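Below, read A as the first sequence line, B as the second, and so on, with proteins coming before strands; counting in each chain starts at 1. These figures come from a predicted structure and were not determined experimentally.
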Amino acid sequence: MELLKANVITLVEAALEAIGGDGKLVKSVLQPAREADQGDLTLPCFPFAKALRKSPLSIAEELCATMEPHESIGEIHAVNGYLNIRVNPVWLAKHLLSVGVDNGMEKPKRSVLIEHTSANPNGPFHVGRARNAILGDTLVRLHRLWGNEVMAEYYVDDMGKQVAVLAWALNALSREEVEALLEGRDPPNPLWATKPDHQHVRWYQAAQLLRKESEQSTEIEKAIGALVHASENGDEAVLKSFEAAYQPVLDGMLTTLGRLGITYDRFTKESVFVTNGDVASLMEELGTLPISKHAENGAQFLDLGERGLKGKTEFFYRRGDGSSLYATRDIAYHRWKWTQSNELINVLGEDHKLQAQQVGLTLEELGERRPEVMFYSFIKLPEGKMSTRRGNVVFMDDLLEEAKAQAAAVVNERRPDYDEETVATIAEAVGTSAVRFNIVNVSPEKGFTFRWEDALSFEAGSAPFVMYSHTRACSILRNVQQHLGTNQQAPEYTINTTMPDGLVQLLRTLALHDDCLEKVIREHRPHLFAEYILQLSNAYNGFYRDCHVIEGGEVNGFYFAVSELARQTLNRGMEALGIEPLETM
RNA sequence: GGGCGUGUAGCACAGCUGGAUAAUGCACCGGCCUCCUAAGCCGGAGAUCGCGGGUUCGAAUCCUGCCGCGCCCGCCA
């Protein structure tokens, strides 16, 4: 609890000095207590034992006796060599109700460019791709909650082989040919008959089949190769035809993402850096670097082994035919990004680790900084890796439909009096929130296996659990407003000196909000904030159990103020996690 | 073969800038709706923290060796 630490650290330092210790050590040793019943802060006294020639137990006891009192300190105890400090709930309540959950840390306003999703626009969004978008969007929202200015950017790969395949197929194959080729596969879900991503992907899949298995595969490969080559040389007609091919697909993907509340501030096309000459001049500049070398056929690479890269150290940035590679364009893109913002964060799959390192090292070689990267592991199905080709994918559109249907069943069961429209609204919010939460809730670097029963769990530890706590707080607000009638003035209150356990726990949890958010922003680990919001909901439920805001026809002003602070904090936190804060459910 | 990551209760997952009794959810056992929404609350049971060594007053956490799993090691994107 940074708030308490800031208030008591000088007292602890003074106490340690008074018994002959080095006060400067306190700063690094004084830490949040591990268990809530130990207190809020703890000072393990073991590190001081040697210098003071005393046992940690007696040091803790001496410190306990020496410490000056402070209004922020509720209790202080020496236990087993630890000095445990518990916050004074009255002081904490006063602080929280006057300045809010702000813990007093400095928050210099930063401007951050976060690039995420950036999926190839060649087919519908599937759950495997979703981790990037959900983590990225959550990171964007968390930064905004912290007060940073954020640009959320989608880098559109509009000139690679994948787009070329799509463009070629849409041009060369008729609907009948496509359907004939795909016969025997799962037919497309009729629900998405008008969604272009689900439609156009059929052409892409048919083309992939032809490339692999047909007799004309070499000619097809040649045709596609020519398109790729033309696009890399900035051929405007080809780039236009690419755009015509991918844009409807991208739009379809964005519709799906929009349903999850994921939006972007800007789309930047890869081809821009080819057509505007940035890539060409970049390659010139790279060629002047001392670590740049030539291959036999004229291709060029940097030898990054000299910069500490292990394993394969040659990083090719120019092909033998003089054209650029994806990574080259990525470097040009990053140079441009540095002109847009002074802080860059990329959300990338673990398969991009090597390339991110190559790009990062190259940027440093050019005198730029390397961007920060949040890596995540892939989502797989219980049956194994997700693959469009083998047909074991879960499309996000299907998942969201299923989530909504299951949520609707729960609502119908629990609230039989709700009308159809209300049920639909709640079900949509619960479904999408549950899906998002299921994914942000686990640490990104951990492998993730998608399971329907987990994604659609509506119990404790899920988004609906959080949503439910929030609706309770909303319900209290409504009841209080009704109680106050036309006089909407919030009731006066004094802070009780004795507080039920649930209330104290809620106050302590609220006090941790900024500590957690600060860490999450610093380390790019959104799941920690998800865990915090779960804790906060749990704490609110405890408060709800112990403290009746309206009792005997009277509104308890103090309880109401705490309930409102919790409601607002929950609400903002939910927004930051992409959980829809419903008022009733 | 090399690099990076990961391994914690039946399942899932937190903790990993070293600190006390390893947190949480699911599943399991028991209790709570004349009282602000029971999608909730309270209690119980369940863990050789992958295995072996080392550093330390103290190791799930740091170092090291082994084992399992994932990803990467294209003049692809």
Side-chain angles (χ1 to χ4, degrees), chain A residues 28-29 31 33-38 42-47 49-50 55-56 79-82 84 120 157 159-164 228 270 295 297-301 309-314 316-321 323-327 329-330 349-355 357 375 377-378 380 385 407 410-411 413-415 430 441-443 445-449 451 453-454 457-469 471-480 483 502 527-528 530-531 534-535 537-538 541-542 544-552 555 559-560 563 584-585:
Chain A
S28 58
V29 182
Q31 57 197 280
R34 217 151 165 261
E35 303 292 326
D37 58 359
Q38 289 161 353
T42 187
L43 184 79
C45 297
F46 306 90
K50 213 168 237 172
S55 77
V79 185
N80 296 331
Y82 295 86
N84 292 336
N120 273 316
D157 190 350
M159 56 183 301
K161 193 167 257 175
Q162 305 210 26
V163 195
V228 173
E270 183 180 351
N297 65 353
Q300 287 175 288
F301 62 91
L309 189 69
K310 290 176 186 165
K312 186 191 179 253
T313 60
E314 296 96 351
F316 281 88
Y317 63 88
R318 195 203 291 263
R319 291 199 188 95
D321 67 3
S323 62
S324 63
L325 288 108
Y326 174 82
R329 289 168 237 138
D330 202 25
E350 59 181 339
D351 56 333
H352 279 67
K353 275 187 181 173
L354 175 59
Q355 190 192 302
Q357 223 182 352
F375 290 108
S377 293
F378 290 124
K380 55 181 190 294
K385 197 174 163 178
V410 175
V411 181
E413 187 193 319
R414 290 172 208 263
R415 316 274 182 253
V430 167
N441 194 27
V442 306
S443 43
E445 68 275 10
K446 197 98 94 177
F448 186 101
T449 304
R451 290 185 184 81
E453 63 269 31
D454 292 346
S457 155
F458 299 149
E459 292 171 328
S462 71
F465 170 79
V466 176
M467 297 169 82
Y468 187 73
S469 301
T471 59
R472 280 178 152 178
C474 290
S475 171
I476 286 176
L477 173 62
R478 275 194 306 275
N479 290 334
V480 169
H483 193 270
H527 72 283
L528 297 178
E531 196 195 8
L534 237 27
Q535 248 180 57
S537 308
N538 193 38
N541 288 336
Y544 184 88
R545 176 196 65 220
D546 289 350
C547 302
H548 284 223
V549 174
I550 303 171
E551 194 150 47
V555 174
Y559 289 173
F560 179 57
S563 179
T584 55
M585 65 185 273

Could you run down nucleotides 68-77 of chain B 5' to 3' and tag each one B, S or - for protein heavy-atom contact under 4.0 Å? --BSSSSBSB
Scoring nucleotides 15-23 of chain B by protein non-hydrogen atoms under 4.0 Å (B base, S sugar-phosphate only, - none) yields SS--BB---
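The neighbour count for A/Lys310 NZ, taken as heavy atoms of other residues, nucleotides or ligands under 6.0 Å away, does not exceed 12.
Taking the C1' atoms as reference points, B/A27 lies 32 Å from B/C36, given to the whole Å. Across the P atoms, B/G2 and B/A14 are found 29 Å apart, a figure rounded to whole Å. As rounded to the nearest Å, B/G10 and B/A45 have C1' atoms that lie 13 Å from one another. The P atoms of B/U34 and B/G46 are separated by 33 Å, rounded to the nearest whole Å. Atom name C1', nucleotides B/G40 and B/C49: the rounded distance is 32 Å, in whole Å. Taking atom P in both B/A39 and B/C35, the straight-line distance is 15 Å, to the nearest Å.
Residues passing the ring-ring contact (aromatic ring centres under 6.0 Å, His included) test with A/Tyr468, sequence neighbours excluded: none. Qualifying ring-ring contact (aromatic ring centres under 6.0 Å, His included) partners for A/Tyr544, counting only residues two or more places apart in sequence or in other chains: none.
In this structure, the CD1 atom of A/Ile550 is 10 Å from the P atom of B/C36, given to the nearest Å.
In secondary-structure terms, RNA chain B builds stems of at least 3 consecutive Watson-Crick or G-U pairs, each pair having both distances under 3.5 Å, at B:1-7 with B:67-73, B:10-12 with B:24-26, B:28-32 with B:40-44, B:50-54 with B:62-66.
With B/A38, B/C41, B/C35 as the choices, the nucleotide that has an atom nearest any side-chain atom of A/Tyr468 turns out to be B/A38.
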Nucleotide N/O of nucleotides 27-33 of chain B paired with protein N/O under 3.5 Å:
none

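Judged purely by atom type and a 3.5 angstrom limit, A/Gln31 uses its side chain to pair as donor or acceptor with the backbone of A/Val29.
Where A/Ala407 and A/Leu534 each meet RNA chain B at their nearest nucleotide, the meeting point lying more 5' is that of A/Leu534.
Between the side-chain ring of A/His548 and the base of B/C36, a stacking contact exists by the 5.5 Å and 30° definition.
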